[in-house]
Amino acid sequence: MSAGAMRVAVVGGGPGGLYTAALLARQGHAVEVWERGAPDDTFGFGVVLSDETLGGIERADTVVHTALGAEFVRWDDVDVVHRGRLLTSGGHGFAAIGRRRLLEILHERCAGLGVRLRFRSEAPDPRALSASYDLVVAADGVHSTIREAGAEHYRPTVTPGRCRYIWLAADFAFEAFRFEIAETEHGVVQLHAYPYAADASTVIVEMREEVWRAAGFDLCDETESAARCAKTFSEALRGRPLRGNRSAWTQFRTVVNERWSHGNVVLIGDAAHTAHFSIGSGTKLAVEDALALAEAVGGADGDVPAALAAYEAARRPAVASTQRAAAASMRWFEEIEGYLEQPARQFAFNLLTRSRRVTHDNLRLRDERFTRAVERDFGCPDGATPPMFTPFTLRGLTLRNRVVVSPMDMYSAEEGVPGDFHLVHLGARALGGAGLVMTEMVCVSEEGRITPGCAGLYTREQAAAWKRIADFVHTSAPGTALGVQLGHAGRKGSTRVMWEGMDDPLPEGNWPLVAASALPYRPGVSAVPRALEREDLAALRSEFAAAAVRAADSGFDLLELHCAHGYLLSGFLSPLTNQRDDAYGGPLENRLRFPLEVFDAVRAVWPEDRPMTVRLSATDWAPGGTTPEESVRIAAAFAEHGADAIDVSTGQVVADEAPEYGRSYQTPYADRIRGALGVPVIAVGAISSWDDVNSLLLAGRADLCAVGRPHLYDPHWTLHAAAEQSYEGPAAPWPAPYRAGSRPPPTGRG
């Protein structure tokens, strides 16, 4: 060994382990690989790699890149079959290779670099390896023995999916990446297929667990499973058979580790993280891990802990992004039955954009003809109007576009009276082009405030101040609708304003809190609320109704009832915050009773031609809380009572929640409610670009999109979105005094 060279042990002879071995051997390290199987043992058939991954391989090792380039099968199209109709979208760019051939290339490269390959060999105990080698690479897959042996350090979480799937192969090459759905007597069965050689294709058949059991696949061996799958998709296969390769039905398991290394041992590939096969190959992630690990080792000058820290820092953001996209894609296929009634082209667009990595704008670059056809079906006139600038009607109100300025608490009122700040804040957003501008949560009583700075509608002075704002919006930004969100803080009241300590109790001047049950929001920190009695409920209904009358008189165009985020009405809905033993607690129909009574009281006094919406937390992000399935039932109840749309948010119900943050992370919950009920929905939650808005609308996942923080960054977000898309139609008119600024100003020369 040369000076500075390390002894490296790699456990696992899959593509990730082998490529890591080759890259580290190129750096002069002595590398040994343990693989329990034979050299040609492998599961599955084809491997898909992206151009990005191939570029990394080319930069790191031209020998492997050249060998792969000679073997790849490439194609551009995605075929989607929806109820017998074939739709094709092009421009996607795939490259695949047989898994066995990939292993052969990597075996040859490792052998040429002096890597010692130990096949049919169990690796020594992880502690012995760690003591004997400078670096130990755990590339031993989703069931990693090294990860499990050190579970207290890596802290893995393994979450099974709700589908069963099997890897099979066909002895011919599909012309495209093909998605097809079979609607059987037992439920939906889906096919994912792609070529990996001139005469062979990978075929994955997937279905929900309950469908799999009802169809009797749990009793089938590999041969019978392959035959039955071939029969189900006989038209796609042109009557040809499917074959297995030690193929078995399995559940996808999402692996997440809090740490990827311990001492001189590091996890890569499926041992460290998994991503559902529907967005690409686990091999792709493993190869990218190998590239990053080798780069980190090469730059650490023998400092193994520093190298492993650098590797993890480099890879974690990309892996987290991929896992979020994979989770969205997996859930989409788990819920695919809810999309089957969509028109064929919209279904195909929805499928293509399911992970949120491919968007409307991106897909238009890939295949403009297909995307324009989806836009026409949606109702975009002349191919020049983006989806977000089409109108939408709720009851007697027609919104000129699909953009909503989210309710955002400003904590800037005095004695509940909105002042000049609110006039400027809401007026600026109205001038900025949104179809609907929502107020913050406006409280129905003094005791219902979150903070001393919260606005209200429980006095005539407050109503007059709101009328001043509504008059400005309707006069200076004609065509913009102004909505009011009514609510009561419940157990989350009597706190400091956000920038002084969010959810922290006031140091003095507190007011008594009420809630469904006597449970504090933050045990040991928040005040304990008084559980509401029957007579309290009647008074609260009257307060909501009185505020609604004032809101109508003030000139608001739409009213939203706030039943989310752990405030009073939300507190009745969630089993975590409602522990009553009377008619307002217990089963969901009881927990719904008071919020529905309030809704009915408000609807009775709110003008018939003006719409009402309801904001819900579709999940509490906490064990034992409201489930997505329950949220559909909650939304259905409000829709039956006359809600014109459901504004679907999540969480903020309990302090110990664990949200799964990410781009558009709450939109699947809106999607589920819309698909199940057909009721219009407003999607919210980290929708940050006009491309996201267009994508969600075209895919049929939302009818309106509420955008919050981007409107704080740019009050004219909607108008700028129109300018950036070269849209100059009636859905986004620039106010006359601002027309000179309707085009981006010239910048300095580069």
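Position 1 is the first residue of the sequence, and the numbers go up from there. If you're wondering where the values come from, they're calculated on a predicted model, not measured in any experiment.
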Student: Any chance the rings of Trp260 and Tyr311 have centres within less than 6.0 Å?
Tutor: yes

Student: Among side-chain atoms of Thr145 and Asp140, is any donor-acceptor pair under 3.5 angstrom?
Tutor: yes

Student: Quick one: do the Thr159 and Thr254 side chains pair a donor with an acceptor below 3.5 Å?
Tutor: no

Student: Aromatic contact between Phe94 and Phe177, with the criterion being ring centroids under 6.0 Å apart: yes or no?
Tutor: yes

Student: Going through the distances and angles, do Met6 and His29 end up as a side-chain contact (heavy atoms from CB on, under 4.5 Å)?
Tutor: CA-CA 5 Å; Met6 297 189 296; His29 304 297; 3.7 Å; yes

Student: For the aromatic rings, using the six-membered ring if either is Trp, is the centroid distance between Trp332 and Phe179 under 6.0 Å?
Tutor: no

Student: Can you check whether Ala294's main-chain N or O pairs, donor with acceptor, with Gln27's side chain at less than 3.5 Å?
Tutor: yes

Student: Ignoring hydrogens and angles, tell me if any N or O in the side chain of Thr184 forms a donor-acceptor pair with the backbone of Gly187 under 3.5 Å.
Tutor: yes

Student: Main chain of Ala683, side chain of Thr667: is a donor-acceptor contact present, judged purely on distance under 3.5 Å?
Tutor: no

Student: Cut-off 3.5 Å, side chains only: do Asp77 and Thr88 have a donor facing an acceptor?
Tutor: no

Student: What closest approach, in Å, do Ser278 and His192 show between heavy atoms, and which atom pair accounts for it?
Tutor: CB-CE1, 4.3 Å

Student: Would you check, one step at a time, whether the test salt bridge (charged side-chain N to carboxylate O under 4.0 Å, His left out) holds for Asp171 with Arg243?
Tutor: CA-CA 8 Å; Asp171 291 324; Arg243 58 181 170 85; 2.7 Å; yes

Student: Hydrogens and angles aside, do Gln323 and His273 bring a side-chain donor and acceptor to less than 3.5 Å of each other?
Tutor: no

Student: Check for me whether the distance between the ring centres of Phe277 and Tyr165 falls short of 6.0 Å.
Tutor: yes

Student: Quick check: His82 with Tyr339 (ring centres under 6.0 Å apart)?
Tutor: no

Student: Asp692 and salt bridge (charged side-chain N to carboxylate O under 4.0 Å, His left out): which partner among Arg356, Arg357, Arg663?
Tutor: Arg663

Student: Determine, stepwise, if the pair Glu209 / Arg162 fulfils salt bridge (charged side-chain N to carboxylate O under 4.0 Å, His left out).
Tutor: CA-CA 6 Å; Glu209 172 90 12; Arg162 291 184 288 172; over 6 Å; no

Student: Which distance, rounded to the nearest 0.5 Å, do you find between the CD of Glu206 and the CE of Met330?
Tutor: 9.0 Å

Student: Pair Ile181, Val81 - check side-chain contact (heavy atoms from CB on, under 4.5 Å), show working.
Tutor: CA-CA 7 Å; Ile181 285 79; Val81 181; over 6 Å; no

Student: Is the CZ atom of Arg36 crowded by more than 12 outside heavy atoms at less than 6.0 Å?
Tutor: no

Student: Determine the minimum heavy-atom distance between Gly12 and Glu35, stating which atoms define it.
Tutor: C-OE1, 3.7 Å

Student: Determine whether the side chains of Ser695 and Arg701 contain a donor N or O and an acceptor N or O closer than 3.5 Å.
Tutor: no

Student: Is Asp301 atom CG crowded by more than 12 heavy atoms from other residues, nucleotides or ligands, each under 6.0 Å away?
Tutor: no

Student: Give a yes or no on whether the ring-centroid distance for Tyr669 and Trp621 is below 6.0 angstrom.
Tutor: yes

Student: Which value, rounded to the nearest 0.5 Å, describes the distance between Glu122 atom CD and Arg120 atom CZ?
Tutor: 13.0 Å

Student: Using the salt bridge (Lys or Arg N to Asp or Glu O under 4.0 Å) rule, collect all pairs that involve residues 253-265, keeping only residues at least two apart or in two chains.
Tutor: Arg155-Glu258

Student: So, for Trp167 and Phe45, is the gap between ring centers shorter than 6.0 Å?
Tutor: no

Student: Under the salt bridge (charged side-chain N to carboxylate O under 4.0 Å, His left out) criterion, do Arg7 and Asp134 qualify, and how do the steps go?
Tutor: CA-CA 5 Å; Arg7 296 188 67 217; Asp134 300 301; over 6 Å; no

Student: Give a yes or no on this: more than 12 heavy atoms of other residues, nucleotides or ligands lie within 6.0 Å of atom CD of Glu224.
Tutor: yes

Student: Quick one: pull up CG in Leu242 and SG in Cys229 and give me the separation to the nearest 0.5 Å.
Tutor: 7.0 Å

Student: Does any donor atom in the side chain of Asn350 or Arg354 lie under 3.5 Å from an acceptor atom in the other side chain?
Tutor: no

Student: Minimum heavy-atom separation for Val10 and Val31, please, with both atom names.
Tutor: CG2-CG1, 3.9 Å

Student: Nearest 0.5 angstrom please: Leu106 CG to Leu102 CG, how far?
Tutor: 4.5 Å

Student: Under the ring-ring contact (aromatic ring centres under 6.0 Å, His included) rule, collect the residues that match up with Tyr661, sequence neighbours excluded.
Tutor: Tyr665

Student: Please say whether more than 12 non-hydrogen atoms of neighbouring residues, nucleotides or ligands are located less than 6.0 Å from CZ in Arg127.
Tutor: no

Student: Give the intermediate values and the outcome of side-chain contact (heavy atoms from CB on, under 4.5 Å) for residues Leu365 and Leu363.
Tutor: CA-CA 5 Å; Leu365 290 173; Leu363 192 57; over 6 Å; no

Student: Hey, could you give me each pair passing salt bridge (Lys or Arg N to Asp or Glu O under 4.0 Å) that has a residue in residues 275-288? Not counting sequence neighbours.
Tutor: Lys284-Glu288, Glu288-Arg315

Student: Apply side-chain contact (heavy atoms from CB on, under 4.5 Å) to the pair Glu32 and Val115, showing each step before the final yes or no.
Tutor: CA-CA 6 Å; Glu32 297 182 62; Val115 175; over 6 Å; no

Student: Determine yes or no for a side-chain-to-main-chain donor-acceptor pair under 3.5 angstrom, with Arg99 supplying the side chain and Pro15 the backbone.
Tutor: no

Student: To the nearest 0.5 Å, what is the distance between CZ on Arg100 and CD1 on Ile105?
Tutor: 13.5 Å

